[in-house]
Amino acid sequence: MSSADETLERIKAQVEAETPDDIEIESVEFEGPELVIYTPDARTVANRDGIVRNLAQTLRKRINVRPTQEALVPHEEARVRITETIPEDAGVQNLDFDSQTGEVFIEAEKPGRVIGRHGATLDEISGSVGWTPEVVRTPPMESSTVSNVRNFLKQERDDRRDILQRVGRQINRPMTNDDDWVRLTTLGCCREVGRASFILSTPESRILIDCGDKPGAEGEVPYLQAPEALAAGPNSLDAVVLTHAHLDHSALIPILFKYGYDGPIYTTAPTRDLMGLLQLDYLDVASKEGRTPPYESQQVRNALKHTIPLEFGNVTDIAPDVKLTMHNAGHILGSAVCHFHIGEGRYNVAFSGDIHYKDTRLLDGAVNDFPRVETLVLESTYGGKNDYQTDQSDSERVLRDVINTAHEKEGHILIPAFAVGRSQELMLVLEEAMRKGDIPTMPVYLDGMIREATAIHTAYPEYLRDDLRQRILYEDENPFLAEQFEQVDGGEEMRRDITDDEPAIILTTSGMVTGGPVMSWLRLLGSDPDNTMVFVGYQAEGTLGRQIQRGQDEITLGDGSGPRAERVSLKMDVETVDGFSGHADRQGLESFVETMHPRPEKILCVHGDESSTNQLSSALYQKFNMRTHNPKNLETFRLS
Ligand SMILES: [Zn+2]
């Protein structure tokens with residue numbers, strides 16, 4: 001008998017002792033971070049006061065109660081009964097039975113109608129068929145990513161269960177060490193923006209946090225071969241934790257599976273889906289540019305299969321001595337500040353990932369309230385002493401003025417934007433300005449991945465700001481579905497028709513004009529002085545966006561030397577509107593630390609140019625009298 005089996009036997013005995021005698025416990029099993037209890041009396045256990053709560057407290061585990069096979073009504077009969085129980089206006093799209101877990105996934109347009117008052121309808125369903133109902137919302141906008149990921153995970157159900165059981169046993173292995181140190185090693189994104197990656201290690205376990213690429217610097221990847229990282233073998237890692245989906249944090253996660261890693265990735269569900277979308281696009285761009293991608297789409301699927309989605313605020317065991325809690329970071333959909341609790345109260349460290357401190361139209365501001373925290377690893381993108389941005393309300397006014405002026409010239413307005421985050425924020429700004437009559441109502445064309453990224457947002461409204469969630473869920477006035485938004489899906493021909501037509505706004509990728517449909521738009525609109533180009537996001541050094549922003553009026557499209565190279569003389573107006581960044585500015589970073597509860601003892605300033613991390617580090621030291629560092633890559637800190 002393995003030690004995991006012995007542990008499970010012991011836990012089963014404990015569960016039996018803690019539950020009333022009339023309840024039969026068939027078995028208990030670890031599945032990922034959860035303890036699953038199989039019983040023919042699943043419904044009684046779930047409904048009778050306090051049983052699950054008491055078990056969770058005594059065992060200090062997340063508990064999931066599932067029915068045993070004999071408690072389940074056969075599929076076809078269950079399907080009929082469930083359909084009869086749920087009110088018609090719930091808009092049920094699909095019922096999917098998972099025989100292994102006894103769950104039935106009910107996909108519906110209105111989950112609230114499936115759940116019923118205080119869960120009454122769900123109770124009725126589980127009482128009638130024995131299956132445990134799980135409600136999934138039909139995205140208000142069709143998203144191929146969301147449905148592909150859901151279908152893929154459904155297909156891989158058997159594999160996934162094996163993975164979860166293996167991970168569960170790993171997490172619950174007995175501890176073998178009495179030492180109590182905690183070390184943090186930087187593998188990237190120190191004194192630079194890009195290739196975020198860290199290793200957190202204790203005598204028991206090792207966790208990799210983020211694994212990104214460096215935009216514009218092919219081949220500069222995290223130092224995964226460092227002795228602290230993969231040198232001890234890919235499966236010496238207990239877990240990979242991903243703060244958010246942007247490629248400078250997520251691009252190289254699939255490569256871990258190429259190297260042989262087969263452990264879990266912890267992140268939020270929307271980050272999982274966005275990560276899949278962006279990684280596949282990353283491969284696509286690489287092959288279009290004639291580069292050999294560092295991994296294949298099979299490894300992206302493997303990463304998805306190994307992802308264990310977490311909700312904000314849930315404390316989760318990810319190693320024998322490490323608990324992870326994710327909190328909203330306010331940066332993009334699903335982005336998280338990751339808090340690690342190590343040992344029984346031994347040490348606490350939080351990784352900010354990328355943060356936005358204030359509320360935006362799309363998301364609440366970053367959470368900075370924790371039970372305890374000794375070390376904070378803080379992003380510093382806008383940490384420089386002059387990195388102050390205008391308030392968003394001022395920026396919005398400037399943007400409205402720019403649009404009104406451009407509209408008077410009867411030209412087209414071209415806005416390059418990142419598909420995830422900035423585009424949705426702008427859609428909300430434009431929708432409101434048009435609704436209130438602050439700018440004329442005109443078509444807003446969405447080109448590139450923007451529509452798909454927006455659809456993923458509407459599939460996860462619970463991650464969006466309160467008032468926006470209400471609008472998407474309950475009031476049938478989803479701003480993203482406003483009729484002026486139109487997808488460009490007819491390629492070059494449609495683009496030409498649009499430019500011949502009435503004035504319009506075009507929101508398109510890529511955000512830094514480094515490729516994608518924005519190039520076609522420049523070709524079509526660039527030489528007409530009646531048109532306007534508006535920059536709303538950060539333009540990195542070396543990008544075409546930065547050159548245009550600086551006033552360059554002769555640009556080359558396509559491969560600079562090849563036969564497809566094309567010179568365009570830019571005569572369109574070029575404007576820049578600051579203040580729409582997804583990152584906290586210098587003020588926001590200081591406020592995040594100032595109002596943080598509790599104040600950390602130590603801060604590592606990372607993810608910023610050398611001058612930014614340096615200036616932020618010394619400012620925080622002077623203002624708040626705490627130990628601060630601005631580490632280089634490959635430094636190791638002993639935290640405790
Ligand atoms: Zn980011």
Side-chain angles (χ1 to χ4, degrees), residues 187-190 192-198 209-217 220-222 240-253 265 267-268 270-279 281-282 326-338 350-358 360 362-367 377-383 387 389 416-426 449-450 453 456-457 460 463-464 509-512 514 536-540 543 545 579-586 588-589 592 605-609 612-613 616:
L187 302 181
C189 85
C190 290
E192 63 181 352
V193 174
R195 55 168 166 175
S197 199
F198 305 92
I209 295 117
D210 287 350
C211 198
D213 75 339
K214 189 168 171 182
E220 287 189 39
V221 298
V240 174
V241 173
L242 176 61
T243 59
H244 67 288
H246 276 153
L247 287 170
D248 58 333
H249 296 255
S250 77
L252 291 161
I253 283 180
I265 300 168
T267 194
T268 60
T271 298
R272 176 195 60 199
D273 295 3
L274 289 170
M275 166 186 93
L277 174 72
L278 295 178
Q279 287 167 348
D281 186 61
Y282 173 79
M326 292 190 149
H327 302 274
N328 171 41
H331 170 61
I332 58 167
L333 179 74
S335 63
V337 176
C338 296
F351 289 77
S352 73
D354 290 352
I355 48 170
H356 196 279
Y357 177 67
K358 288 185 187 160
T360 59
L362 199 59
L363 303 169
D364 290 328
V367 168
V377 181
L378 178 64
E379 72 125 316
S380 319
T381 315
Y382 289 106
D387 288 343
Q389 291 179 355
F418 305 108
V420 177
R422 291 317 84 203
S423 292
Q424 290 72 36
E425 189 77 19
L426 281 168
M449 283 192 311
I450 294 172
I456 297 177
H457 282 69
Y460 295 100
Y463 284 82
L464 303 174
T509 55
S510 72
M512 298 193 205
T514 49
V536 292
Y538 183 69
Q539 302 299 308
T543 60
F580 288 106
S581 171
H583 292 270
D585 69 351
R586 169 63 175 268
L589 291 167
F592 182 87
C605 296
V606 302
H607 197 286
D609 294 337
S612 308
T613 51
L616 183 64

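Counting convention: from 1, in listed order, for ligands and their atoms alike.
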S.K.: Could I get the full list of side-chain contact (heavy atoms from CB on, under 4.5 Å) partners for H583, not counting sequence neighbours?
M.R.: H331, D354, E379, T381, Y382, S581, H607
S.K.: Specify the closest pair of heavy atoms between A584 and Y357, including all atoms of both residues, with the distance to one decimal.
M.R.: CB-N, 3.9 Å
S.K.: Where does the angle between the aromatic ring planes of H249 and H244 fall among parallel (under 30°), tilted (30 to 60°) and perpendicular (over 60°)?
M.R.: tilted
S.K.: What are the two closest heavy atoms between L378 and S352, and how far apart are they?
M.R.: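 Here L378 and S352 meet closest at CA-OG, 3.6 Å.
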S.K.: Answer with yes or no whether the side chains of Y460 and D273 bring together a donor and an acceptor at under 3.5 Å.
M.R.: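 Side chains of D273 and Y460: pair found under 3.5 Å.
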S.K.: Going by distance alone, is a donor N or O of one side chain under 3.5 Å from an acceptor N or O of the other, for D210 and S197?
M.R.: no
S.K.: What protein N/O/S atoms sit under 2.8 Å from the Zn ion (ligand 1), by chain and number?
M.R.: H244 NE2, H246 ND1, H331 NE2, D354 OD2
